[in-house]
Amino acid sequence: MLVLLTMQAQAQVQGPVYQFNGGVPVFIGSQQKSAPWCGGFDNPQPAMGDLNGDGKMDMVIFEKEPSQVKTFINYGTPGNPRYEFEPKYIANFPNCNEYLALFDYNHDNIPDLCTHGGMYGFSIYKGYYNGNNELCFTFYRVLIYSNDLTTVPPIDCYVKNSDLPCIFDIDDDGDYDFFSYDANGAFIYFYQNHQVEDGQPSDTIRTKLRDKCWGKIGQGTARTHTMPYSCNNVGLLRSTGGNRHGNNAICIFRADNDSDYDLLDGNAQFSDLQFFRNGKQQTGNAVDTMIFQDTLWQNAYMTEYAAPFYLDGDQDGNMDILVTPRAEGTSENYKTIQLYRNTGTTNNPTYAWQTDTFLVDQTIDIGTGAYPMLYDYDRDGKPDLIVGSDGYYQSGVLRSRLAYYRNTSTGPGSPSFTFQTYNLLNMDTASQKGAAPSAGDLDNDGKDDLIIGQTDGTMTFYTNTAASNAVQPVWSNPVKKIRDHTGSVIMDVGSNAAPFIYDLDKDGKNDLIVGTMLGYFIYYQNVGTVPGQLKLKRVNLQLGGMKVDPQTSWKGHATPFIGKIDDGPTDYLLSGSSSGALYRFSGFQGGDTTLAYPALDSLYSFIKGLGVRTAPTVADIDGDGHSDMIVGTQYGGLLMYRQVMMLSGGSTPQLPKYAEVSIYPNPARDVLNINWNTAFAEDDVVSVSVVNALGQQVLQQSFPSSRNAIQVDIAQLPSGIYFCIATSGTRRSVNTLHIIR
């Protein structure tokens, strides 16, 4: 029985074949992008802190949907930062929700973290540096207050979902205070930190609700706010009712050289920012009181729901304003980080617009939903990179393009790409929404054609009118909404068509396989007999019974790549998904299109954390014998991976092991013992995952590395072959685990 299980596992999971490779240079002219392979941005929330303990402020970008942290190390100089994407620091962050802010609450010169947590709002994590001088976090507390006489204390300080609160030392007493809108979105609540007032240690936050209409402003449904507004703070009674803006983003900052602080307010109702000048100093008021408002500050514009941030983005020592889109799915998706640079000083600022693509211009980002294709477009023998997307927002409408990056690798071990155009084939003039490309000869004339899948489920066919297949293709004469052999428009895919051209039935003619939004694959057989004739017959709406994200019936976003995905001789079908997981299927290699095609991996190469709606493509980009995989994401960007585990004739790889990690007993039944020594413990934490033969993570736990030996309960796992993966910092150990019952 054990031998059969072992054979089954060897026929399925390959193990950690790929690892992230962000070092492949991408150029625009002679300028090298600093973060091309970070996966792009949609609704970025910037924060800054020293991630590697080198004394420079690095950049952290948080995306709310799905919750994802991206880390960028600053290799630049003061006033000229260079932020390079380095994802190894991501693992040091806790799971964050709704928002992420970095601030030093205990003044130990180590960034701490705040995110949405508890029942309502502020969850605080204390920062520390591990043995490798990497910033890590440990949970401190959820913020509460107990001085509201109308409630049963204590109660959580409140932050509404999709709101962005503000953390700022408003009273200049040395401790950070907290601000957020009330549940109705009418007034700003001021939660004062009494650490200093109460004589508490610096490593303490003690909050009290001090003002239920901070700034003396009230918000209705219009851009113009009511001011001054006087609220009843006697007993801190709660405010009530009324129609207000749905959500808000608060930014307290210094707009002038007086001693009080001013306010920028973004909200879900409008695309711009409202500015409020604090007149506390001028009027002699005892509390912050706004006396002037500008409903269109600096004409900052984000299509919908702009969010302001007070950060030193350009690292010149003066605080700037960054503005990003907070709305999901309907807002700006390329010009997503505006920088209003402070050309004055922090205490006497002047804010001037500098760019609307701060950091974004250092990435590959083509809007929303990237679909990469590695294809030798210029016919120099090296696969170039062509990327389509669901589109850029242009005047509120998504318009898709094809970006083209030429492969300028100079030999094995020296890969690179150089940007050529954002608008190959001038596709955006057609106002097309959705551009998932695939190239290959589909009309049987011996030249590679181009087919583009669109968001509405239709496909556009570009015939190749070049003289031969040996020269760069000339894709022209687009046929929109291609038809099948009966003359009917191909609409079977429903939406989000992701085509791939491949000879599935092995009859010498390329067929068409289309991934669908529901996660299935539709098979169209090439039945053309006349060169230059496009003739497709639908054979199967659910090819091979394959489905990505099978746990959901209503989505999946299958994005097939078919071919060699490693150095072995076997073709596989590799697909992205709505969940972000990469699926690997087999069984089609013999040409029988009636068989069921089993999923060999549902977490290929143990790659996770890609975000959502992934799309893979694979080729050897520099001719070094190692396959390279590029994965598109919903954010409109790309992630690059390199094959690091070579396979011998398609056989099971020899999984990398570290002598410093051992597991026993093996086979195991109910309890697994895992030991490691100090050489393996690169971090303060060792994470242990157990992955089954389908590549699914079935168990995950983290332990202090100082424990050296731990026990894991595996009694709930059925018999079979598993992989036990231990990670600490950049080190990873993979052991094959047998469980028997």
Side-chain angles (χ1 to χ4, degrees), residues 14-27 32-33 35-40 84-88 363-364 366 370-388 403-420 437-439 500 502 559-576 580-584 601 603-611 614-633 637-648 650 653 656:
Q14 289 182 326
V17 178
Y18 283 87
Q19 72 178 18
F20 179 78
N21 179 25
V24 176
V26 175
F27 295 92
Q32 183 177 345
K33 289 178 176 284
W37 309 109
C38 73
E84 297 186 12
F85 181 53
E86 293 198 10
K88 76 172 186 175
T363 74
I364 295 175
I366 61 167
Y371 302 95
M373 175 178 71
L374 286 167
Y375 174 79
D376 184 9
Y377 179 67
D378 61 2
R379 293 299 192 261
D380 66 351
K382 297 178 292 190
D384 305 301
L385 175 61
I386 295 174
V387 194
Y404 167 38
Y405 294 82
R406 183 169 176 263
N407 188 336
T408 49
S409 302
T410 57
S414 298
S416 68
F417 291 98
T418 299
F419 169 78
Q420 303 297 307
S438 182
F500 195 85
Y502 181 82
T559 52
F561 169 86
I562 309 176
K564 292 178 173 53
I565 62 174
D566 51 53
D567 62 308
T570 305
D571 286 357
Y572 294 103
L573 189 154
L574 185 68
S575 178
L582 300 178
Y583 289 76
R584 181 172 66 109
D601 291 274
L603 191 66
Y604 179 62
S605 197
F606 306 146
I607 295 172
K608 57 183 179 179
L610 302 181
T614 49
T617 184
V618 181
D620 180 358
I621 63 176
D622 61 347
D624 66 351
H626 294 250
S627 293
D628 301 283
M629 177 169 62
I630 298 176
V631 181
T633 76
L638 305 175
L639 298 159
M640 169 74 80
Y641 295 85
R642 181 174 185 268
Q643 184 185 354
V644 294
M645 179 183 293
M646 302 300 285
L647 311 180
S648 176

S605: what forms a side-chain contact (heavy atoms from CB on, under 4.5 Å) with it, not counting sequence neighbours?
-> V17, Y18, I607

Are the side chain of [X] and the backbone of [Y] linked by a donor-acceptor contact shorter than 3.5 Å?
X    : Y    : answer
D384 : Y377 : yes
T363 : C38  : no
S575 : T559 : yes
S627 : Q643 : no

About how many Å separate [atom2] of [Y] and [atom1] of [X], when rounded to the nearest 0.5 Å?
X    : Y    : atom1 : atom2 : answer
D378 : Y404 : CG    : OH    : 4.0 Å
F27  : R406 : CZ    : CZ    : 13.0 Å
M645 : D567 : CE    : CG    : 11.0 Å
T617 : F500 : OG1   : CZ    : 7.0 Å
L385 : Y405 : CG    : OH    : 7.5 Å
D622 : D628 : CG    : CG    : 6.0 Å

Can you give me the closest heavy-atom contact between [X] and [Y], atom names plus distance?
X    : Y    : answer
G388 : I366 : O-CD1, 3.1 Å
M640 : F417 : CE-CE1, 4.1 Å
I621 : P383 : CA-CG, 3.9 Å
I630 : P372 : O-CG, 3.8 Å
S409 : S416 : OG-N, 3.1 Å
Y371 : P437 : O-CD, 3.5 Å

Among D601, D566, D571, whose salt bridge (Lys or Arg N to Asp or Glu O under 4.0 Å) with R584 holds?
-> D601

Between W37 and the options V24, V631, L639, N21, the side-chain contact (heavy atoms from CB on, under 4.5 Å) test singles out V24

Is any side-chain heavy atom of Y604 closer than 4.5 Å to a side-chain heavy atom of I565?
-> yes

Applying salt bridge (Lys or Arg N to Asp or Glu O under 4.0 Å) to R642 and not counting sequence neighbours gives D624

Partners meeting salt bridge (Lys or Arg N to Asp or Glu O under 4.0 Å) with D376 (sequence neighbours left out) | none

